[in-house]
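Pasting a structure here, questions to come.
Reminder, nothing fancy here: chain letters follow the sequence lines and each chain counts from 1.
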Protein chains: 2
Amino acid sequence: MQILTTAAALHAYTETARRAGQRVGLVPTMGALHDGHLQLVQAARAQCNVVVASIFVNPTQFNNAEDFRLYPRVPEADAALLAPAGCTALFTPSVEEMYPRPTVLRFDFGDLERVMEGAHRPGHFNGVATVVSKLFHMARPHQAFFGQKDWQQVAIIRQLVADLSFDLEIVTCPTIREADGLAMSSRNCRLDAPARAVAPLLHQVLEAAAAQVRQGVPPAQVKAAADATLAAEPLLTPEYVEVADAETLQPLDVYAPGRAVVLCLAAHLGGVRLIDNVVVE
Amino acid sequence: MQILTTAAALHAYTETARRAGQRVGLVPTMGALHDGHLQLVQAARAQCNVVVASIFVNPTQFNNAEDFRLYPRVPEADAALLAPAGCTALFTPSVEEMYPRPTVLRFDFGDLERVMEGAHRPGHFNGVATVVSKLFHMARPHQAFFGQKDWQQVAIIRQLVADLSFDLEIVTCPTIREADGLAMSSRNCRLDAPARAVAPLLHQVLEAAAAQVRQGVPPAQVKAAADATLAAEPLLTPEYVEVADAETLQPLDVYAPGRAVVLCLAAHLGGVRLIDNVVVE
């Protein structure tokens, strides 16, 4: 596995692969890798000859400076996990390499970012769209792989790709969970024992809500039940629970026939902010 | 010269060229070609093996529906001019090909678009940045060529390329003028004889202002003199005259040592809106 730290080196690497007729897969990450990330790398390797994983804790997508500071960084451990999973090149640029000058351009994704993560993390999706655009231009992949856990992020990136006619395919892989249902996240390692014990409640609430959606319980009632369960746990501070259209992400008053529903939540637990979602087809 | 009408055909064309180690130049236009456009094609051919000219009257950059409707469209005449100038492929997509679905994403370039064209044509630069991003992704040029006449547009596109790390170089070519100084523009053919007779005044005003800037006349005084000259011509309705920093495009109160100045104006003349600029280094 090659280690690349500059845009020029990454570009040369993937351009050489493309000229040789090889397919290039990209797995953008912020490091502190877990099985969810490795599954993305494996999926990429199954479909591409060359797999670039990037590790870059992107400052422009953090609306909270403390969250940025505390975001786990374990570069050696990450590198050791990537090669066995099928990664052929690891891209680890510095902040200066990615942002040689301050960015002026701002993205607005309209209603798609007025809800959930976009509403609670001002500027977050502008930072995501900016860094993802940069990585797409530097790596120029045929396919880029993202996890379903960041459902709204994937929706934003799909819109970005469609609206700017990026010549690549977005592949979404299922959320990988711990045995007790907790969605894998780089932030999980910051949970202390009491918080970790409570954390599976998030997925339990989503599964209970999904069962209600399948039974046709109205969205407001589903949301109220989930809110009540979360509120009853003293260690948890819920941020939002939404019953939304899976594609438009807009909250639902009623279910529309034939359209998938996504149940999303965010909550603070022991100083850590966690998100999760379940899709009901 | 090949004629391509789909993104897939364009992409295949330039990908084949790239795989063969050839350099790709792109000249985005809205057609109704004049010597200014042809100079861009010639500049591209001098530096690239393959030159793609696009002709697409982009609806999303017109804030005025009548201007869009009346924009000259002469595809056969344009095609006849391009091959002799060195164009190897003409890309003429339909609106449906460029915009299969309505665009959700909006760009904001901050102060760079709060002035001049951006201030007077709401949404214009969002449309420009969108279509230029699409063309860059479809053609994937090594270099893209733009005319200095659209100074602010070039500034916006340079910012777009820098902020999203597009892997290409922007080349700006000088404004080409008629013998009497009128900047060549596709809209000039809509001027009737009396309007055409007055039109060179725009460049005369800019040259007079440039002479004052070189003499150190304060910006407010330069602007006032230009405003007065334009106001004295009954056929003209001036929209703005600005004495601005050539890079930031912000209006100047005083000159900063070592920084270039751009003099820009827009005016309506016989139902046609014209712009022009002169740079003082």
Side-chain angles (χ1 to χ4, degrees), chain A residues 6-8 10-12 14-22 56 60 93 97-114 123 125-127 129-140 142 155-168 247-249, chain B residues 6-8 10-12 14-22 56 60 93 97-114 123 125-127 129-140 142 155-168 247-249:
Chain A
T6 67
L10 174 57
H11 191 261
T14 58
E15 190 73 8
T16 302
R18 279 193 164 249
R19 280 211 198 173
Q22 296 187 311
F56 179 63
T60 69
E97 181 70 16
M98 291 300 281
Y99 297 99
R101 290 187 303 173
T103 302
V104 169
L105 179 164
R106 293 287 173 273
F107 288 104
D108 186 330
F109 289 91
D111 289 346
L112 214 47
E113 64 164 299
R114 301 281 181 275
F125 286 122
N126 174 61
T130 301
V131 79
V132 165
S133 295
K134 284 173 175 279
L135 290 169
F136 286 173
H137 289 142
M138 291 172 185
R140 209 165 83 83
H142 294 84
I156 293 277
I157 293 170
R158 285 187 184 278
Q159 193 71 52
L160 174 75
V161 166
D163 284 356
L164 301 187
S165 303
F166 274 95
D167 176 44
L168 53 84
E247 192 179 327
T248 68
L249 305 187
Chain B
T6 67
L10 174 57
H11 191 261
T14 58
E15 191 72 10
T16 302
R18 278 193 165 249
R19 280 212 198 174
Q22 295 187 312
F56 180 62
T60 68
E97 181 70 15
M98 292 300 281
Y99 296 100
R101 291 187 302 174
T103 302
V104 168
L105 179 164
R106 293 287 172 273
F107 289 102
D108 186 330
F109 290 90
D111 289 346
L112 214 47
E113 64 164 301
R114 301 280 181 276
F125 286 122
N126 174 61
T130 302
V131 79
V132 165
S133 295
K134 285 175 175 279
L135 290 169
F136 286 173
H137 289 143
M138 290 172 185
R140 209 165 83 84
H142 294 84
I156 291 277
I157 292 170
R158 286 186 184 279
Q159 193 71 52
L160 173 74
V161 166
D163 284 355
L164 301 188
S165 303
F166 274 95
D167 177 44
L168 53 84
E247 192 179 326
T248 69
L249 305 187

### side-chain hydrogen bond (donor to acceptor under 3.5 Å, both in side chains): pairs with one or both residues in residues 101-110 of chain B, sequence neighbours excluded
B:D108-B:R114
### Message
Give me the atom names and distance for the closest heavy-atom approach of B:F166 to B:F136.
### Response
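Smallest interatomic distance, heavy atoms only, reads CE2-CB, 3.7 Å.
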### Message
Please identify, among B:Q159, B:M138, B:R140, the residue contributing the most non-hydrogen atom pairs under 4.5 Å to chain A.
### Response
B:R140
### Query
Of all heavy-atom pairs between A:D167 and B:H137, which one has the smallest distance, and what is that distance?
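So the minimum-distance heavy-atom pair works out to CB-O, 4.2 Å.
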### Message
Counting only non-hydrogen atoms closer than 4.5 Å, does A:P100 touch chain B with its backbone (N, CA, C, O), its side chain (CB onward), both, or neither?
### Response
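Contact with chain B is absent: no heavy atom of A:P100 under 4.5 Å.
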### Query
With no hydrogens and no angle check, is any side-chain donor or acceptor of B:E97 less than 3.5 Å from a backbone partner on B:A7?
yes
### B:N126: partners by side-chain hydrogen bond (donor to acceptor under 3.5 Å, both in side chains), with sequence neighbours left out
none
### Query
chain A: which of B:L168, B:L105, B:L135 shares the most heavy-atom pairs with it under 4.5 Å?
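Of the candidates given, the most pairs with chain A belong to B:L105.
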### Message
Less than 4.5 Å to any heavy atom of chain B: does that hold for the side chain of A:E15, its backbone, both, or neither?
### Response
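Only the side chain of A:E15 comes within 4.5 Å of chain B.
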### Message
With a 4.5 angstrom heavy-atom cut-off, is it the side chain or the backbone of A:I156 that approaches chain B, or both, or neither?
### Response
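For A:I156, no heavy atom lies under 4.5 Å from chain B.
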